[in-house]
Amino acid sequence: MGFLSNLFRPKHKEITESDLRRALQNEEFIFYYQPEWDLKTGEVLGVEALVRWESPSGIIPPNDFIPILEKTGIIHEFTPYLLEKTLTDLKRLHLAGYTSLFLSINLSMIQLQDAELPQKITNALNNAAISTDKLECEVTETQAIKKPALEIKTLEKLRELNIRLSIDDFGSGHSSFNYLRELNTQKLKIDREFINSLFEKKSNETILQTIITLGHNLGLIVLAEGIETSEQERWLRENGCDVGQGFWFSRALPINMLIPFLENQKIKKLI
Ligand code: C2E
Ligand code: MG
Ligand code: MG
C-alpha cells in the first residue's frame, strides 16, 4: 500500500472516473501559471492558468485527463474549483502588488455548454473582489461541433460581462475561422506549431505574417504561443506580433514560484 504501491503503479494505468472524483475531492488539481509578454516593451501583461494533476503516481498533464473529465461530466464540478483556485491566486498576485495583471483561463466546448457558467464566473469574481476586465477566457475547438449555438450564447454572455475572449491554438482546428466570424473576440493566440516550424521554409514566414495581419485587420491582439528561441522572439517582434508566450520566456510555474519570478521582470503598469 501507500508509497510502494504508488512507486510500482504502471505508468499508463487507465484513469477511471473514481480516480478523478477522488482527485477533485483531495484537491490534487494544481494550477501553474505561464506569463504573457508584451513583445514591444518586454513587460508581463498577465498569466495563463494551466492545470496539472499532482496524482500519487506523479504529475499528469492536462491532455491526459481533461478529455476524461469531459466524458464523465466531472468537468462541471471542476469548473467552479478552477474558478475558485485561480481567482484566489490572482488575488494573491494583486495583493503582492501586481495589480495590473490579468488571468486567462482555458474553457473547453463542454464547459461552455453549461448555461450557468456566466453566473458561476460572476459569483467567483465577486467572491474574490476582482473586476471582470481582469479575466480572459480562451476557447479551443476540440470537438467538431457543427452548430455550437449554446456555446456561442455562453460566450456572448461572457462578453456582455466585459470578459475578454481569446481564440486558442488558432490555425490548428478545423474551423478556427468560424469563431472569427461568429464571436466577438479580442485576441488570437497563434498555435505553437506555426512558431515551431517558422524557419523551415520561406512560405511558413509568409503564412505567419498573414495571420498577424489578419488579426490586426480585425482589431485583435495577436499572441504567438510556444516561443522557444531568441530568433523566433525577434522575428515575431519585428513582424508586429503583439504578445508572446513560451519556454524562451518562462514555463508555467506554481504560484509560490511565480511571485518570486515576477520580482525580476518588468510588469505592465496600471493605466
Ligand atoms: P494551451 O492552452 O494551448 O496551453 C499551452 C500549452 O503549451 C501548455 O501545455 C504549455 O505548457 C505548453 N507550452 C507553453 N510554452 C511552450 C513552449 O515554448 N514550447 C512547447 N513545446 N510547449 C509550450 P499544457 O499545460 O500541457 O496544456 C495543454 C492544453 O491543455 C492547453 O493548451 C489547454 O488547451 C489544456 N488545458 C490546460 N489547462 C486547462 C484547464 O484548466 N481547462 C481546460 N479546459 N483545458 C486546459
Ligand atoms: Mg490556452
Ligand atoms: Mg494554445
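All residue numbers refer to positions in the sequence shown, counting from 1. Ligands are counted one by one from 1 in listed order, and the atoms in each one are counted from 1 as well.
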For [X], atoms of ligand 1 separated by under 4.0 Å from a heavy atom:
| X | result |
| --- | --- |
| Gln34 | 14 (C), 15 (N) |
| Gly246 | 15 (N), 18 (O) |
| Glu48 | 2 (O), 4 (O) |
| Glu225 | 3 (O) |

Do [X] and [Y] have side-chain N/O donor and acceptor atoms under 3.5 Å apart?
| X | Y | value |
| --- | --- | --- |
| Asn184 | Glu182 | no |
| Glu36 | Ser104 | no |
| Trp235 | Glu205 | yes |
| Thr16 | Asp19 | yes |

Measure the distances from the heavy atoms of Ala252 to every atom of ligand 1 and state whether one is below 4.0 angstrom.
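Contact absent.
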
Work out whether the distance between some heavy atom of Lys189 and some atom of ligand 1 is less than 4.0 Å.
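Heavy atoms of Lys189 never come under 4.0 Å of ligand 1.
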
Shortest-distance N/O/S atom, [X] versus the Mg ion (ligand 3):
| X | answer |
| --- | --- |
| Glu225 | OE2 |
| Asp169 | OD1 |
| Asp168 | OD1 |

Just to the nearest 10 degrees, tell me the angle at the Mg ion (ligand 2) spanned by Glu48 OE2 and Asn106 OD1.
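The angle at the Mg ion (ligand 2) comes to 90°, rounded to the nearest 10°.
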
Run the numbers on Glu138 and Lys187 for side-chain contact (heavy atoms from CB on, under 4.5 Å), then give the verdict.
CA-CA 9 Å; Glu138 301 184 12; Lys187 191 162 161 186; over 6 Å; no

Between [X] and ligand 1, which part of the residue brings a heavy atom under 4.0 Å of the ligand: side chain, backbone, both or neither?
| X | answer |
| --- | --- |
| Arg251 | neither |
| Leu82 | side chain |
| Ile227 | backbone |

Taking the six-membered ring for Trp, are Phe177 and Phe170 parallel (under 30°), tilted (30 to 60°) or perpendicular (over 60°)?
perpendicular

Parallel under 30°, tilted from 30 to 60°, perpendicular over 60°: which one fits the rings of Tyr81 and Phe29?
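It falls in the perpendicular class, over 60°.
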
Among all protein heavy atoms in this structure, tell me which lies nearest to [atom], with the distance rounded to 0.1 Å.
| atom | result |
| --- | --- |
| atom 36 (N) of ligand 1 | Pro62 CB, 3.9 Å |
| atom 3 (O) of ligand 1 | Asp169 OD1, 3.0 Å |
| atom 44 (N) of ligand 1 | Gln111 OE1, 3.0 Å |
| atom 21 (N) of ligand 1 | Glu228 OE2, 3.0 Å |
| atom 8 (C) of ligand 1 | Leu50 CD1, 3.8 Å |
| atom 30 (O) of ligand 1 | Asn63 OD1, 3.3 Å |

Below the 3.5 angstrom mark, is there an N/O of [X], backbone or side chain, next to an N/O of ligand 1?
| X | answer |
| --- | --- |
| Arg192 | yes |
| Arg52 | yes |
| Asp168 | yes |

Result of checking Thr154, Asn106, Thr79 against Gln111 for side chain to side chain donor-acceptor pair (under 3.5 Å)
Thr79

Just one of Glu151, Glu70, Lys153 clears the side chain to side chain donor-acceptor pair (under 3.5 Å) bar with Gln113, so which one?
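The side chain to side chain donor-acceptor pair (under 3.5 Å) with Gln113 is passed solely by Glu151 among Glu151, Glu70, Lys153.
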
How long is the span from the [atom1] atom in [X] to the [atom2] atom in [Y], to the nearest 0.5 Å?
| X | Y | atom1 | atom2 | value |
| --- | --- | --- | --- | --- |
| Glu54 | Glu28 | CD | CD | 9.0 Å |
| Asp242 | Asp38 | CG | CG | 7.5 Å |
| Leu236 | Phe194 | CG | CZ | 12.5 Å |
| Ile227 | Ser250 | CD1 | OG | 12.5 Å |
| Asp168 | Tyr179 | CG | OH | 10.5 Å |
| Leu39 | Gln245 | CG | CD | 10.5 Å |

Can you figure out which of Val51, Asn106, Ile66 has its heavy atom closest to atom 33 (C) of ligand 1?
Asn106

For atom 18 (O) of ligand 1, which candidate among Phe247, Tyr81, Tyr32 holds the nearest heavy atom?
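Heavy atom nearest to atom 18 (O) of ligand 1 belongs to Phe247.
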
Establish whether atom 24 (P) of ligand 1 and some protein heavy atom are separated by less than 4.0 angstrom.
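Yes, because at least one protein heavy atom sits under 4.0 Å from atom 24 (P) of ligand 1.
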
I would like to know whether Tyr98 and Glu263 meet side-chain contact (heavy atoms from CB on, under 4.5 Å); could you show each step before the answer?
CA-CA 10 Å; Tyr98 304 110; Glu263 280 167 20; 3.5 Å; yes

Any N/O/S atom of Asp191 sitting less than 2.8 Å from the Mg ion (ligand 3), backbone or side chain?
no

Can you tell me if an N/O/S atom from Glu138 lies under 2.8 Å from the Mg ion (ligand 3)?
no

